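Here's the structure, in structure tokens; my notes come after.
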Amino acid sequence: ATGVLYVVAGVVQSVRLFDRGAGFDSQVPASAVELLHGSLNTTQTSSITFVTITGSATTVYADGDATVTCTGSCTGSGFAGTCNTRSAVISISITSPGFGYTSANPPSISCPSGVGHTFTPVIASGAVLSARVATGARLFPIRKGHALTVVPSSRLFAA
């Protein structure tokens with residue numbers, strides 16, 4: 001099966017399946033599901049999917065590239081982002097999510113010029129879901145005027 005998860009600020013808002021797949025006969029384990037960065041077609045696991053911004057700016061931040069520092073037990077690399085500001089940082093646009101990061105030892109992220117904000121990377125650790133395979137359905141007839149009709153099976157899962 002293939003589809004798209006629509007995510008806002010690291011939270012899945014909706015799911016749209018394009019291809020329901022076939023041949024599933026039991027519950028699909030989460031380990032069998034791989035979440036990809038749509039535009040990059042790379043796995044999300046161990047990559048930075050969002051950066052939370054907390055604290056108040058005590059000096060003015062400037063637009064520019066985010067700086068990533070991976071020291072000590074931090075093992076990831078490849079993250080790149082752009083700091084979007086209005087004196088304070090309002091968001092970090094991720095241009096490359098990187099790979100190999102862990103929540104236990106995340107990288108430090110900073111933006112140009114300013115002081116006061118704390119930037120915390122959200123690192124994907126895999127799919128957390130419960131995919132279930134339909135094992136049956138109850139069909140109810142549709143009333144058209146005084147006649148009852150049954151929905152053809154070809155229309156049950158129309159895209």
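As the structure is a prediction and not an experimental result, all values here were calculated from the model.
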Take Phe50 and Ile92, measure what side-chain contact (heavy atoms from CB on, under 4.5 Å) needs, and give me the verdict at the end.
-> CA-CA 8 Å; Phe50 187 73; Ile92 295 179; over 6 Å; no
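Summarising the geometry of Pro121 relative to Pro106, their closest heavy-atom pair is CG-CB, 3.9 Å, with the distance given to 0.1 Å.
Interatomic distance, Thr82 OG1 to Ile94 CD1, rounded to the nearest 0.5 Å: 10.5 Å.
Taking the side-chain hydrogen bond (donor to acceptor under 3.5 Å, both in side chains) definition, one finds that Thr85 meets it with Asp63, sequence neighbours left out. Partners of Ser91 according to the side-chain hydrogen bond (donor to acceptor under 3.5 Å, both in side chains) rule, which considers only residues two or more places apart in sequence or in another chain, are Asn84.
Applying the disulfide (SG to SG under 2.5 Å) rule to pairs touching residues 75-117 yields Cys83-Cys111, sequence neighbours excluded. Note on residues 100-116: no pairs pass side chain to side chain donor-acceptor pair (under 3.5 Å), not counting sequence neighbours.
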With a cut-off of 3.5 Å and sequence neighbours excluded, list every side-chain donor-acceptor pair involving residues 66-81.
residue: Thr75; atom: OG1; partner: Gly100; partner atom: O; Å: 2.9

Side-chain donor-acceptor contacts of residues 51-59 below 3.5 Å, not counting sequence neighbours, with atom names and distances?
residue: Thr52; atom: OG1; partner: Thr120; partner atom: O; Å: 3.3
residue: Thr58; atom: OG1; partner: Val115; partner atom: O; Å: 3.1
residue: Thr59; atom: OG1; partner: Val115; partner atom: N; Å: 2.9

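The aromatic rings of Tyr61 and Phe119 sit perpendicular to each other, their planes meeting at more than 60°, with 30° as the lower class boundary.
In terms of modelled atom types and a separation under 3.5 Å, the side chain of His117 and the main chain of Ala88 share no donor-acceptor contact.
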